[in-house]
Colleague: 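Sharing a structure below in structure tokens format, with a few things to ask.
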Amino acid sequence: MPATVDQSTENTADQPGEPGAPPDFKPSRLQWLVLLTVLGADIMDLLDSTIVNVGAPAIARDLHASGSQLQWVIAGYTLAMAVALITGGRLGDLYGRRRMFLLGIGAFTAFSALSSAATDPQLLIAARALQGLSAAVMLPQGLSIIRSVFPPAQAGAAMSIFGPVMGLAATLGPIVGGALVQANLFGSEWRSIFWVNVPVGLLSLGCAWRVIPRDKPHGPDAPTLDVAGMLLSGIAMLLLVYPLIQGRDKGWPAYMFVMMAAAVPVFAAFWLQQRARQRQGRTPLVTPSLFTKRAFTGGLVLAVFFFAGMGALFLVLMLHIQLALGYTSLHAGLTGLPFSLGAAVGTGLAAAVLAPKFGRKVLHAGVVTMAVGIAAVAWTVKEAGTSLTTWDLTPSYAVCGVGMGLLIACYFTTVISAVDDAETGTAGGVLNAVQQLASSLGVALFGTLYFNSLSAGHTSVSATSSTLWFASIAVVLCLPLGFLLPRFPRTDVEMH
């Protein structure tokens with residue numbers, strides 16, 4: 001999963017990174033330790049997002065989890081993060097970024113340990129949701145902390161390290177997860193994929209305590225915490241996602257459809273509450289004016305279709321090759337390597353060569369490439385049947401990775417270009433929250449399609465292939481939305 005883009009406000013505490021630092025400034029060892037600490041926290045989140053898909057079949061076997069419970073183990077994390085991500089940035093403004101970063105890391109580590117100790121699916125789902133909330137507190141603080149300790153001339157170079165490191169973590173995540181599950185250290189099997197966060201988290205917590213400078217909240221001018229907005233948005237998301245995951249297990253009673261319909265007025269109430277809050281001169285959770293911009297709203301809907309389709313690919317394929325074809329966890333993790341390598345190639349090409357020259361056409365190319373790649377995976381699964389090998393999947397899975405890399409390299413900068421400078425901070429938070437929500441929706445919707453197909457008596461080959469065809473169609477729907485975005489991103493955009 002792509003690393004989260006910072007949406008929070010600049011830290012104004014007196015730190016070495018103030019404007020006016022000499023151009024020959026050389027980062028100190030302390031500043032590099034701060035950078036490594038923030039990277040460690042982000043890597044924990046990314047590993048937790050990618051590693052669970054590989055461990056899902058083992059969790060299902062050990063805890064006797066149903067299909068819907070397995071979906072909640074994955075979607076609960078991203079949904080909780082989506083609900084709280086923007087609020088997490090606000091908490092940093094109110095109470096200090098160092099304090100919230102330490103709190104986020106500590107809670108994330110504790111709930112990772114709780115996840116590893118879960119004795120039933122319900123406890124694991126709850127622990128995963130609490131992990132997501134902790135990540136939402138931790139992640140928004142990181143890049144602002146880096147900007148506070150590096151002068152502007154060096155901050156860009158420091159933050160440019162994030163891309164390659166996050167790409168490497170995304171590549172290694174499924175492989176490390178597969179290796180840990182297969183190694184079955186001390187009989188832990190899937191539990192080790194959560195235990196691995198504990199030493200990393202404790203190390204990051206200790207380093208953060210020692211090396212991150214103390215900062216001060218912004219004081220009376222800091223944005224206030226919009227609890228009502230957070231509750232309304234969270235309820236609306238839950239009303240939408242819960243029926244998609246639980247409806248199949250409960251036989252689709254009428255109240256499930258009522259819940260999905262009820263999400264619409266609750267979202268409307270959230271919109272009205274945000275407008276009222278802004279009229280009162282209080283900081284809204286989401287700036288309402290963002291949604292009057294056609295390019296921005298188009299970019300949000302594009303993210304829903306794209307990341308939902310991508311989430312379907314990861315979940316359904318991992319379930320098929322492990323549960324139906326008997327791949328070991330390590331084998332399944334290694335099967336994802338072509339995707340990660342393709343993503344690295346796509347991102348590198350787009351960022352260095354294609355995006356500056358072709359602008360949003362690169363985004364369109366990413367959508368088409370991803371859609372073709374998912375369709376090719378679906379075709380490969382159907383044609384190879386139960387004799388499917390990693391080598392069979394390699395070409396199509398690599399194409400999917402290239403598509404993801406092409407889009408990610410220019411998506412955030414292009415969409416952010418469509419908003420005013422004063423709106424960029426909130427816009428970044430909304431984009432990240434929608435990306436997480438889209439992943440949850442993908443798991444909910446396409447996971448339900450897959451399990452419904454199995455319940456109807458179809459083979460896993462047929463269920464996987466048909467589900468991925470629908471995922472490919474979802475990605476294709478992104479194409480017309482891309483034309484709403486600016487042709488080229490602005491080069492003067494700053495995140496506030």
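It should be emphasised that the depicted structure is a prediction, and the values quoted were computed from it without experimental measurement. All residue numbers in this chain count up from 1 along the given sequence.
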Colleague: Looking at Met138 and Ile105, what are the two nearest heavy atoms and their distance?
Modeller: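 Minimum heavy-atom separation between Met138 and Ile105: SD-CG1, 3.5 Å.
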Colleague: Might you point out which heavy atoms bring Ala350 and Pro356 nearest each other, and give the distance in Å?
Modeller: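 Looks like O-CD, 3.7 Å.
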Colleague: Could you tell me if the side chain of Gln69 sits less than 4.5 Å from the side chain of Leu124, heavy atoms only?
Modeller: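 They are not in contact (no side-chain heavy atoms under 4.5 Å apart), so the answer is no.
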Colleague: Does Ala118 offer a backbone N or O that forms a donor-acceptor pair with the side chain of Arg191 under 3.5 Å?
Modeller: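 Yes; judged by distance alone, with no hydrogens or angles, the pair exists.
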Colleague: Spell out, as yes or no, whether a donor-acceptor pair under 3.5 Å connects the side chain of Gln274 to the backbone of Gly229.
Modeller: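 Flag not set: sc Gln274 to bb Gly229 has no pair under 3.5 Å.
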Colleague: Taking all heavy atoms of Ile408 and all of Phe307, pick out the closest pair and write down the distance.
Modeller: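 The answer is CD1-CZ, 3.6 Å.
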Colleague: Go through the steps for Gln141 and Arg99 under the test side-chain contact (heavy atoms from CB on, under 4.5 Å), then give the verdict.
Modeller: CA-CA 9 Å; Gln141 323 306 333; Arg99 181 180 297 174; over 6 Å; no
Colleague: Check step by step if side-chain contact (heavy atoms from CB on, under 4.5 Å) holds for Val241 and Leu437.
Modeller: CA-CA 9 Å; Val241 174; Leu437 175 61; 4.2 Å; yes
Colleague: Can you name the ring-ring contact (aromatic ring centres under 6.0 Å, His included) partners of Phe101, sequence neighbours left out?
Modeller: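 Applying ring-ring contact (aromatic ring centres under 6.0 Å, His included) to Phe101 gives none.
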Colleague: For the pair Tyr327 and His331, name the ring-plane relationship: parallel under 30°, tilted 30 to 60°, perpendicular over 60°.
Modeller: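 Parallel, since the angle between the ring planes stays under 30°.
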Colleague: If you measure from CG on Leu485 to CG on Leu302, what distance do you get to the nearest 0.5 Å?
Modeller: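 Here the interatomic distance stands at 6.5 Å.
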Colleague: Can you measure from OH (Tyr411) to CE (Met404) and round to the nearest 0.5 angstrom?
Modeller: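 Taking OH in Tyr411 and CE in Met404, the distance rounds to 14.0 Å.
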Colleague: Strictly by side-chain hydrogen bond (donor to acceptor under 3.5 Å, both in side chains), give each pair with a member in residues 193-212 just once, sequence neighbours left out.
Modeller: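 Matches after skipping sequence neighbours: Asp48-Asn197, Ser112-Asn197, Ser116-Trp195.
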Colleague: Rounded to the nearest 0.5 Å, what separates atom CG in Leu407 from atom CE in Met310?
Modeller: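 Leu407 CG to Met310 CE: 9.0 Å, rounded to 0.5 Å.
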Colleague: Run Ile416 and Leu431 through side-chain contact (heavy atoms from CB on, under 4.5 Å) and show every step you take.
Modeller: CA-CA 9 Å; Ile416 290 294; Leu431 287 175; 3.7 Å; yes
Colleague: How about Leu393 and Leu317: do any of their side-chain heavy atoms sit closer than 4.5 Å?
Modeller: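 Of all side-chain heavy-atom pairs linking Leu317 with Leu393, at least one is under 4.5 Å.
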Colleague: Identify the two heavy atoms, one from Arg277 and one from Pro284, that lie closest to each other, and give their separation to 0.1 Å.
Modeller: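 For Arg277 versus Pro284, the nearest heavy atoms are CD-CA, 3.7 Å.
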Colleague: Return the minimal non-hydrogen interatomic distance between Ala58 and Val181, and the atom names on each side.
Modeller: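 Nearest heavy atoms, Ala58 then Val181: CB-CG1, 4.0 Å.
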Colleague: Output the distance between atom CD1 (Ile145) and atom CD1 (Ile212), rounded to the nearest 0.5 Å.
Modeller: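 These two atoms lie 4.0 Å from each other.
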Colleague: If you measure from CG on Leu300 to CZ on Phe291, what distance do you get to the nearest 0.5 Å?
Modeller: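 One finds 6.0 Å between CG of Leu300 and CZ of Phe291.
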Colleague: Establish, from distance only, whether the side-chain atoms of Gln182 and Ser329 form a donor-acceptor pair under 3.5 Å.
Modeller: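 No pair is found: no donor N or O on one side chain lies under 3.5 Å from an acceptor on the other.
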Colleague: Is any side-chain heavy atom of Phe296 less than 4.5 Å from a side-chain heavy atom of Val430?
Modeller: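 Yes; the side chains approach each other to less than 4.5 Å.
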Colleague: Atom CD of Gln435 and atom CZ of Phe412: how far apart are they, to the nearest 0.5 Å?
Modeller: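 So the CD of Gln435 and the CZ of Phe412 are separated by 4.5 Å.
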Colleague: Give a yes or no on whether the backbone of Ala444 and the side-chain of Gln71 come within a donor-acceptor separation of less than 3.5 Å.
Modeller: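 The answer is yes, because a donor-acceptor pair under 3.5 Å joins these two groups.
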Colleague: Please evaluate residues Val54 and Trp190 with respect to the criterion side-chain contact (heavy atoms from CB on, under 4.5 Å), reporting the C-alpha separation (whole Å), side-chain torsions for both, the decisive distance (0.1 Å), and the verdict.
Modeller: CA-CA 9 Å; Val54 177; Trp190 61 268; over 6 Å; no
Colleague: What I'd like to find out is whether the side chain of Val196 reaches to under 4.5 Å of the side chain of Leu180, using heavy atoms alone.
Modeller: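 Yes; the side chains approach each other to less than 4.5 Å.
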Colleague: Could you check whether atom NZ of Lys361 has more than 12 heavy atoms from other residues, nucleotides or ligands sitting under 6.0 Å from it?
Modeller: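 No, NZ of Lys361 has 12 or fewer neighbouring heavy atoms, counting only those of other groups under 6.0 Å.
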Colleague: Please check if any side-chain donor atom of Ser440 sits under 3.5 Å from a side-chain acceptor atom of Thr78, or the reverse.
Modeller: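 Short answer, yes.
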Colleague: Do any N or O atoms from the side chain of Thr87 and from the backbone of Val83 form a donor-acceptor pair under 3.5 angstrom?
Modeller: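 No; zero donor-acceptor contacts below 3.5 Å.
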Colleague: For Gln131 and Met81, indicate whether the former's side chain and the latter's backbone hold a donor-acceptor pair under 3.5 Å.
Modeller: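 Looks like no, no N/O pair under 3.5 Å.
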Colleague: Distance-only, no hydrogens or angles: does the Arg128 side chain make a donor-acceptor pair with backbone N or O of Trp72 under 3.5 Å?
Modeller: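 No: the side chain of Arg128 does not pair with the backbone of Trp72.
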Colleague: Less than 4.5 Å apart, side chain to side chain, heavy atoms only: is that true for Phe446 and Leu441?
Modeller: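 A side-chain contact under 4.5 Å is absent here.
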Colleague: I want to check something: taking the side chain as every heavy atom from C-beta on, are Leu341 and Val345 in contact at a cut-off of under 4.5 Å?
Modeller: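 A side-chain contact is absent here, since even the closest heavy-atom pair is not under 4.5 Å.
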Colleague: With sequence neighbours left out, what residues match Phe339 under ring-ring contact (aromatic ring centres under 6.0 Å, His included)?
Modeller: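 Checked Phe339 against ring-ring contact (aromatic ring centres under 6.0 Å, His included); matches are Phe314, Tyr397.
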Colleague: Between Leu334 and Thr390, is there a side-chain heavy-atom distance shorter than 4.5 Å?
Modeller: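 They are not in side-chain contact.
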Colleague: Measure the shortest side-chain to side-chain distance between Val419 and Leu290 over non-hydrogen atoms and say whether it is less than 4.5 angstrom.
Modeller: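 They are in side-chain contact.
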Colleague: Using atom types as modelled and distance alone, determine if a side-chain donor or acceptor of Thr347 lies under 3.5 Å from a backbone N or O of Ala344.
Modeller: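 Not at all, since once roles are kept as given, no pair shorter than 3.5 Å links the two residues.
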Colleague: Could you tell me which non-hydrogen atom of Cys400 sits nearest to which non-hydrogen atom of Val377, and how far apart they are?
Modeller: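 What the structure gives for the nearest pair is SG-CG2, 4.1 Å.
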